[in-house]
Amino acid sequence: MKIEHLSGLIAAPFTAFHANGELNCEMIARQADSLVADGVKGAYICGTTGEGISCSVAERIAIMEAWTAASRGRLKLIAHTGALALGDVEVLGREAQRLGFYATSVVPPCYFKPGSVEALVEFCAAAAAAAPELPFYYYHTMNSGVNLSMVEFLEKADGRIPNLAGIKFNHHNLYEYQNCRWACDGKYDVIYGVDEFFAGALAVGAECFIGSTYNYSAELYTAVWRAFEAGDRAAVLAGMHKICQGVDLLNRHGGFAAGKAMMLVKGIECGNPRLPFLPLPETERREIAAALREILER
């Protein structure tokens with residue numbers, strides 16, 4: 001399989017829920033239209049931001065089907081198929097291939113964790129084999145508790161996972177990120193995924209990014225990227241200050257719940273997250289959206 005090195009912004013969409021906790025797939029068409037209008041190139045479905053592991057397999061398939069219909073070929077869709085049980089991973093992978101997704105990706109199991117790079121390669125080989133016609137990205141995230149060498153992973157996986165495309169690299173370690181980009185003669189696509197490190201990743205050569213805040217502030221990131229390419233350091237710093245203020249707002253109000261509230265600036269109601277995350281009062285949700293709007297309009 002020829003490895004394509006992706007470019008541009010790929011959003012990690014929120015999964016919308018009704019007040020009773022049931023899926024609200026009706027919002028997906030509006031989410032897709034909003035991303036396309038903002039110049040986003042793709043969507044990473046049912047990942048961390050999308051609360052994929054808080055959804056059942058049936059729900060995740062319903063979400064994938066809704067995104068396929070809503071995208072209409074306008075977005076590169078990547079399905080996060082990670083789960084605690086390998087059988088669930090395989091079911092989701094087969095569905096992603098059936099639906100014509102661009103790629104699949106997994107976070108490793110976070111309870112019975114892979115204890116070595118060899119174990120991780122074996123797990124990823126099985127996950128990738130469920131959708132052999134699609135590129136496969138390993139999701140390296142600080143949240144999984146699997147802290148293994150990603151350079152060693154690429155070197156050991158090379159040739160053993162035929163459809164391995166690269167890594168979704170969600171880690172602050174830009175040193176390792178650079179080494180991954182150089183591994184195996186630069187063969188693999190290493191996509192950066194920590195939004196508040198955006199300019200730093202640009203500086204070390206990143207060409208594609210996956211993140212949650214692109215759902216409501218993609219235009220800000222695009223402006224920073226253009227300023228970086230133009231050598232306008234002051235504009236890069238000013239834009240990154242806004243980005244960090246937005247992330248600070250997100251962190252102050254509980255992460256997922258606040259991120260969903262921020263979608264109100266786009267006129268999209270994603271509801272509250274599922275337990276164990278706690279909901280926010282409606283007044284606080286409106287205040288968060290107003291605060292974000294003020295940051296973006298400064």
Side-chain angles (χ1 to χ4, degrees), residues 4-16 25 27-28 31-36 38-55 59-71 73-83 89 92-93 95-97 99-108 124 127-128 131 134-144 163-171 177 188-198 201 206-218 221 255-256 259-260 262-263 268 270 273:
E4 178 184 357
H5 286 240
L6 299 177
S7 62
L9 302 179
I10 296 176
F14 297 93
T15 294
C25 287
M27 283 293 126
I28 291 176
Q31 289 174 282
D33 289 345
S34 177
L35 294 179
V36 171
D38 287 348
V40 173
K41 303 301 182 184
Y44 187 95
I45 308 303
C46 287
T48 304
T49 303
E51 299 175 80
I53 59 173
S54 294
C55 297
E59 287 176 323
R60 291 169 72 171
I61 292 171
I63 293 166
M64 290 160 61
E65 290 174 337
W67 271 100
T68 301
S71 173
R74 298 175 297 167
L75 297 165
K76 286 187 181 295
L77 299 180
I78 302 174
H80 170 248
T81 61
V89 176
L92 291 165
E95 287 298 310
Q97 184 165 288
L99 291 167
F101 266 59
Y102 171 75
T104 63
S105 179
V106 299
V107 171
C124 287
L134 305 184
F136 173 83
Y137 287 87
Y138 172 63
Y139 186 169
H140 177 50
T141 169
M142 295 174 285
N143 292 336
S144 71
N163 54 333
L164 177 64
I167 296 174
K168 180 181 187 289
F169 195 97
N170 282 50
H171 203 289
Y177 171 77
Y188 290 104
D189 190 22
V190 187
I191 302 173
Y192 198 69
V194 184
D195 299 2
E196 60 269 31
F197 277 58
F198 185 74
E207 298 174 336
C208 187
F209 301 81
I210 297 176
S212 62
T213 62
Y214 310 152
N215 287 292
Y216 45 76
S217 55
Y221 286 89
F256 285 114
K260 288 190 162 187
M262 290 176 178
M263 289 300 293
I268 297 173
C270 289

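Leu164 has its side chain within reach of Tyr188: a pair of non-hydrogen atoms, C-beta onward, lies under 4.5 Å apart. The shortest distance between side-chain heavy atoms of Met27 and Cys270 does not fall below 4.5 Å. Counting heavy atoms from C-beta on, the side chains of Lys168 and Thr141 never come closer than 4.5 Å.
Side-chain atoms of Gln31 come within 3.5 Å of backbone atoms of Phe14 as a donor-acceptor pair (strictly under, hydrogens ignored). Proximity of a side-chain donor or acceptor of Asp38 to a complementary backbone N or O of Ala218 within less than 3.5 Å is not detected. When atom types are taken as modelled, the side chain of Asn163 and the backbone of Ala131 share a donor-acceptor pair closer than 3.5 angstrom. Using a distance-only test at 3.5 Å, with no hydrogens or angles considered, a donor-acceptor pair links the side chain of Lys260 to the main chain of Thr15.
Within a 6.0 Å radius of CG in Leu99, other residues, nucleotides and ligands contribute more than 12 heavy atoms.
Looking at every heavy atom in both residues, Gly42 comes nearest to Val40 through O-CG1, 3.2 Å. The two residues Phe256 and Thr49 have their closest heavy-atom pair at CE2-CA, 3.6 Å. Of all heavy-atom pairs spanning Gly211 and Asp195, the tightest one is CA-OD1, 3.2 Å. Here the closest non-hydrogen pair linking His80 and Tyr139 is CD2-CD1, 4.3 Å. Nearest heavy-atom pair across Asn170 and Gly193 is ND2-O, 3.1 Å. Between Met262 and Tyr216, the shortest heavy-atom contact is SD-OH, 3.1 Å.
Atoms OH and CZ, on Tyr214 and Phe209 in that order, are 6.0 Å from each other to the nearest 0.5 Å. Taken from CD1 in Ile61 to OG1 in Thr81, the straight-line distance is 11.5 Å, to the nearest 0.5 Å. Ile45 contributes atom CD1, which lies 8.5 Å from atom OG1 of Thr68 (distance to the nearest 0.5 angstrom). Between the CD1 atom of Ile191 and the CD atom of Glu207 there is a distance of 10.5 Å, given to the nearest 0.5 Å. Summarising the geometry, atom CZ belonging to Phe169 is positioned 10.5 Å from atom OH belonging to Tyr138; distances are rounded to the nearest 0.5 Å. Taken to the nearest 0.5 Å, the CD1 atom of Ile28 stands 6.5 Å off from the CH2 atom of Trp67.
For Thr213 and Tyr221, the side-chain atoms include at least one donor-acceptor pair closer than 3.5 Å.
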Would you please test Tyr192 and Tyr177 for ring-ring contact (aromatic ring centres under 6.0 Å, His included) and show each step? CA-CA 8 Å; Tyr192 198 69; Tyr177 171 77; 5.3 Å; yes
Under the side-chain contact (heavy atoms from CB on, under 4.5 Å) rule, what do Met64 and Leu92 come out as? Steps first, then yes or no, please. CA-CA 9 Å; Met64 290 160 61; Leu92 291 165; 4.3 Å; yes
List the steps and the verdict of side-chain contact (heavy atoms from CB on, under 4.5 Å) for Asp33 and Arg74. CA-CA 9 Å; Asp33 289 345; Arg74 298 175 297 167; 2.8 Å; yes
Val106 and Phe136: side-chain contact (heavy atoms from CB on, under 4.5 Å), yes or no, with the steps? CA-CA 8 Å; Val106 299; Phe136 173 83; 3.5 Å; yes
For residues 4-12, run the donor-acceptor check on the side chains, cut-off 3.5 Å, and write out each pair with its distance to 0.1 Å, sequence neighbours left out.
{"from": "Glu4", "atom 1": "OE1", "to": "Tyr102", "atom 2": "OH", "distance (Å)": "3.2"}
{"from": "His5", "atom 1": "NE2", "to": "Lys187", "atom 2": "O", "distance (Å)": "3.0"}

